[in-house]
Amino acid sequence: MAVLEILTYPDARLERIAQPVERFDDALRAFIADLEETMRAGPGGVGIAAPQAGRAERIVIVDVSSKPKIKHHGRLVLVNPEITHWEGFVVGREGCMSVPDYTGNVIRAERITLEAFDECGTPLHYEFEGYEARAVQHEIDHLDGLLFLDRLVSRRNDLFRRKVYQKA
Amino acid sequence: MNRLTNHWFMLTVVGKDRPGIVARVTAALYEGGCNLGEASMTRLGGNFTVMLMVQHEGDTASLTRLVATVTESLGLKLHVDKIAGDLYHHQEPDVRIAVFGADRAGIVAQVTGVLAEAGLDILDLQSNVAGSADKPIYIMQIEGRALEGIPALESAVAVLDGKGIQVHLEPIDIMIG
């Protein structure tokens with residue numbers, strides 16, 4: 001196991017379209033273990049995508065279980081993920097290990113349905129919402145050469161969600 | 001640009017808004033060998049306002065000379081201060097607060113007063129007067145750090161109940177991926 005080097009913008013390798021994984025072998029699982037260790041070594045990182053470690057393959061890891069009071073599915077290894085359904089939208093603040101010292105607002109689908117494979121090639125089906133759905137969409141963007149910088153919306157005129165603190 | 005690291009200035013430009021202010025001021029700085037840092041530029045009540053971090057190998061007088069021709073020709077007030085620059089250390093907000101109500105004297109002082117006492121460190125504040133001259137509305141958006149937690153801020157703003165001000169607090173949950 002090893003902590004891998006994280007590529008940072010403007011490294012051109014972050015803009016490559018990642019290729020589907022074809023062999024679910026020990027080498028893949030060893031890389032995934034390193035990728036997860038790299039994610040957990042980052043401060044506050046709840047997700048990582050293989051291209052961030054310089055590997056142009058369609059692999060992401062997400063684990064938002066450290067966040068209190070949200071729905072989540074625990075540790076997720078998603079190989080060749082495909083979002084098959086999007087619903088709703090919400091503005092939220094994102095940062096990225098590949099873009100140090102900046103956070104910005106991005107619009108994401110509120111709920112998504114996803115098909116993927118685990119590290120052994122077993123098919124997976126998930127429905128994600130909220131913060132976890134945001135993390136998954138952010139990581140899958142990396143597979144298509146996109147950073148959250150590509151999707152920034154204004155920080156100045158935030159859309160307020162309906163669910164706000166209301167005085168009695 | 002490291003050779004200039006310790007030569008940061010804050011350039012303030014204010015005056016009647018017109019197209020081309022940013023382009024002409026920054027062109028003068030670029031041609032004068034300056035490097036720009038972070039900036040906040042916005043239109044306030046028909047004025048255009050610029051707060052701009054500038055790296056410049058000289059003093060306030062030489063930097064003023066670089067841009068004075070342009071700002072004078074545009075009828076803008078110019079102010080230059082030497083500052084301690086500090087890039088790459090952004091503090092991230094964890095709470096967003098929206099405030100609105102019929103405009104009257106004292107809204108900002110009252111709201112920020114109770115929030116400060118409850119541990120709010122303001123990182124960004126924008127406010128606008130909207131509505132019309134006979135029925136003005138005050139709208140303020142704040143981002144900051146709740147140093148004593150968001151519940152402390154929620155309790156604090158409860159004292160504003162019945163004072164004609166709506167205050168909405170919302171956590172900012174940053175997703176780092």
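Below, each value reflects all heavy atoms present in this structure, side chains not excepted, and no hydrogens, waters or symmetry copies. All chains are named by letter (A, B, ...) in the order of the sequence lines, taking the proteins before the strands, and each is independently numbered beginning at 1. Just so you know, these numbers come straight off a predicted model, no measurement behind them.
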With a 4.5 Å cut-off on heavy-atom pairs, point out which of [options] contacts chain B the most.
options                              : value
A/Val106, A/Val60, A/Val99, A/Thr103 : A/Thr103
A/His142, A/Lys67, A/Arg134          : A/Arg134
A/Gly47, A/Pro43, A/Gly95            : A/Gly95

ask   = What pair of heavy atoms forms the shortest contact from B/Asp173 to A/Tyr131, and how long is it?
value = O-CE1, 3.9 Å
inquiry  = How close do B/Pro93 and A/Arg93 get, counting heavy atoms only, and between which atoms?
reply    = CG-NH2, 3.3 Å
ask   = Just how far is it from atom CG of A/Asp101 to atom CD of B/Glu92, taken to the nearest 0.5 Å?
value = 7.0 Å
Separation of A/Ile48 CD1 from B/Ile176 CD1 (nearest 0.5 Å) = 13.0 Å
Do [X] and [Y] belong to the same hydrophobic cluster, where Ile, Leu, Val, Met, Phe, Trp and Tyr are linked whenever their side-chain heavy atoms lie under 4.5 Å apart, directly or via other members?
X        : Y       : answer
A/Trp86  : A/Val62 : yes
A/Leu114 : A/Ile61 : no
A/Val136 : A/Val90 : no
B/Val80  : B/Leu74 : yes

query = What pairs meet the ring pair (Phe, Tyr, Trp, His ring centres under 6.0 Å) rule with one or both residues in residues 14-53 of chain B, with sequence neighbours excluded?
reply = none
query = ring pair (Phe, Tyr, Trp, His ring centres under 6.0 Å): which pairs involve residues 92-141 of chain B, sequence neighbours left out?
reply = B/Phe100-B/His168
query = Testing A/Gln137, A/Glu94, A/Glu132 for side-chain contact (heavy atoms from CB on, under 4.5 Å) with B/Met175, which one passes?
reply = A/Glu94
